[in-house]
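Everything on this sheet refers to the single structure shown next.
In what follows, chains carry the letters A, B, and so on, assigned in the order in which the sequence lines appear, proteins first and then strands, with residues in each chain numbered from 1.
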2 protein chains.
Amino acid sequence: MKLSEAKQQFISSWGAFGTHWGINRTMAQIHALLLVSVDPITQDDIMEQLTISRGNVNMNIRDLIGWGLVERVIITGERKEYFTAEKDIWKVATKIIKERKKRELDPMIKLLTQLENVEGDKKDKDIKQFTEVIGGIKKLGGQADKMLDIMVKAEENWFTANILKMWK
Amino acid sequence: MKLSEAKQQFISSWGAFGTHWGINRTMAQIHALLLVSVDPITQDDIMEQLTISRGNVNMNIRDLIGWGLVERVIITGERKEYFTAEKDIWKVATKIIKERKKRELDPMIKLLTQLENVEGDKKDKDIKQFTEVIGGIKKLGGQADKMLDIMVKAEENWFTANILKMWK
DNA sequence: CTGAATTTTCAAAATAAATTGAAAGTAAAA
DNA sequence: TTTTACTTTCAATTTATTTTGAAAATTCAG
């Protein structure tokens, strides 16, 4: 397979993959394009390569910057803005995990904590099962939290890799 | 907060939470309703509680059964079908993880493996970066795989919990 | 078998999400 | 300051997803 073909394939698949995880197709594709672009590129480059509108590119790029996955690059002498993506996949994963945890997991756990304090007799069958389910989810969330923390804190890949190998 | 209110709140939030993860709101809500229902319930119960159509309930219930999160229950003497959800959250998570891994992660890793075999000089800057990015994602996928395997294989919650505590 | 109860299907309708493109906004250059 | 190159915004449109509901299929009791 040729490089250009492989890049195309990657961009398209990464986009499809993203949709399964609540990320919009175009944002994932722009991210993929930036990942496989050696040098920083402009909004016009993205428009052309993915055949999408200027507004679309602009909005999604801003989102990607918000996620900390892409940054603006100033090229001296050039008027246009250039963009580049973090290429270290470990860092990429770390950022996504941190951000999703903050945006989704933390608020959910906060809510569950409130829901646990339901009125009534704790011995009641209905109440008991409810608090058990809620408590279970909270506990699971806590576990996930710990795992993610480990991943995030483990600066060195080998560290986690080796821990994991022990129990494989 | 009253139990009924808390249940309502949980169902609605669980639905919203689901949408961030590529799960449709109604399916997540049906799942939530089943999680907080002590006894098995019918399609009509679900229709009524969530005020959604029969067809909608039927399709989403089938999907949930496909994920192994819900099962049909035959109540002797009753003509209608009843449904119930797995209440052990650890098992629920395990099933979701296994299934998503099979449906999404495995195919992606397979594709990346193909893309690594790109034609041309491995010393070329463009090719080098491409294979590095692809290789990085594959490696990350492999790590995730291992982690998920550990979670899935760890029948006893405390086992993983304790491993994790060591590095917290 | 017959027919009532129940489940399933799926085309059409409703809703939600993504995309466009042109106008408004900004900032550097002249 | 004015012009010009570029970026941002957002109402309108397009596209994708979800939901409905009635018809078809299935199941089971009599």
Side-chain angles (χ1 to χ4, degrees), chain A residues 11-34 40-67 69-84 103-104, chain B residues 11-34 40-67 70-85 103-104:
Chain A
I11 289 166
S12 133
S13 306
W14 199 243
F17 192 64
T19 59
H20 289 299
W21 294 89
I23 292 139
N24 107 349
R25 178 181 259 82
T26 304
M27 199 192 306
Q29 287 187 345
I30 293 175
H31 186 221
L33 173 58
L34 286 165
I41 60 179
T42 65
Q43 291 201 0
D44 292 81
D45 294 331
I46 299 170
M47 284 170 66
E48 195 191 331
Q49 299 253 349
L50 305 179
T51 53
I52 55 179
S53 74
R54 182 175 305 284
N56 199 359
V57 171
N58 192 273
M59 284 172 141
N60 284 116
I61 277 277
R62 264 191 310 117
D63 260 351
L64 284 165
I65 292 174
W67 280 84
L69 301 176
V70 167
E71 57 183 33
R72 274 173 232 278
V73 175
I74 305 296
I75 296 202
T76 47
E78 287 278 357
R79 185 79 174 269
K80 281 184 179 167
E81 289 180 333
Y82 284 73
F83 299 93
T84 190
R103 294 187 193 186
E104 295 147 26
Chain B
I11 290 166
S12 133
S13 306
W14 200 242
F17 192 64
T19 58
H20 289 298
W21 294 89
I23 291 138
N24 106 351
R25 178 179 260 83
T26 305
M27 199 193 306
Q29 287 187 346
I30 293 175
H31 185 221
L33 173 60
L34 286 164
I41 60 180
T42 66
Q43 292 202 358
D44 292 82
D45 294 330
I46 299 170
M47 284 171 66
E48 196 190 330
Q49 300 252 350
L50 305 180
T51 52
I52 55 180
S53 73
R54 181 175 305 285
N56 199 0
V57 171
N58 192 273
M59 285 171 141
N60 284 116
I61 277 279
R62 264 191 310 117
D63 260 352
L64 284 166
I65 292 173
W67 280 85
V70 167
E71 58 182 32
R72 275 173 232 277
V73 175
I74 305 297
I75 297 203
T76 46
E78 289 277 356
R79 182 76 173 272
K80 280 183 180 168
E81 289 180 333
Y82 284 73
F83 299 93
T84 191
R103 294 187 193 186
E104 295 146 28

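Atom pair A:Arg72:CZ and D:dT7:P shows a separation of 9 Å (rounding to whole Å applied). As a whole-Å value, the separation of A:Asp44 CG from D:dA5 P is 13 Å.
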Worksheet item: Just by protein heavy atoms under 4.0 Å, how would nucleotides 15-22 of chain D read 5' to 3' in B, S and -?
Response: ---SSBB-
Item to complete: Give the B/S/- string for nucleotides 24-30 of chain D, one per nucleotide from 5' to 3', where a protein heavy atom under 4.0 Å of the base yields B, of only the sugar-phosphate yields S, and otherwise -.
Response: ---BB--
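A pairwise comparison of heavy atoms in B:Ile11 and B:Ala32 identifies CA-CB, 3.8 Å as the closest pair. Closest non-hydrogen pair, B:Ala28 versus B:Gly18, comes out as CB-CA, 4.4 Å.
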Name each donor-acceptor pair under 3.5 Å that joins a side chain in residues 44-53 of chain B to protein atoms two or more places apart or in another chain, with its distance.
unit_1	atom_1	unit_2	atom_2	d
B:Asp44	OD2	B:Arg54	NH2	3.1
B:Asp45	OD2	B:Thr42	N	2.9
B:Asp45	OD2	B:Thr42	OG1	3.1
B:Ser53	OG	B:Asn56	N	3.2

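Residues that satisfy the side chain to side chain contact (heavy atoms under 4.5 Å, CB included) test with A:Arg79, not counting sequence neighbours, are absent from this structure. For B:Glu71, the side chain to side chain contact (heavy atoms under 4.5 Å, CB included) partners are B:Thr84, not counting sequence neighbours. Applying the salt bridge (charged side-chain N to carboxylate O under 4.0 Å, His left out) criterion to B:Glu81, with sequence neighbours excluded, gives B:Arg72. For the side chain to side chain contact (heavy atoms under 4.5 Å, CB included) test, residues two or more places apart in sequence or in another chain that qualify with B:Ala85 are B:His31, B:Leu34, B:Leu35, B:Val70. Scanning for side-chain hydrogen bond (donor to acceptor under 3.5 Å, both in side chains) contacts around B:Arg103 gives B:Glu99, with sequence neighbours left out.
Residues B:Asn58 and B:Arg62 form a side-chain contact, since some pair of their non-hydrogen atoms from C-beta on lies under 4.5 Å apart.
With a cutoff of under 4.0 Å to any heavy atom of chain A, the contacted region of DNA chain C is bounded 5' to 3' by C:dA18 to C:dA28.
Within the structure, every pair that satisfies the side-chain hydrogen bond (donor to acceptor under 3.5 Å, both in side chains) test and touches residues 17-29 of chain A, not counting sequence neighbours, is listed here: A:Trp21-B:Glu104.
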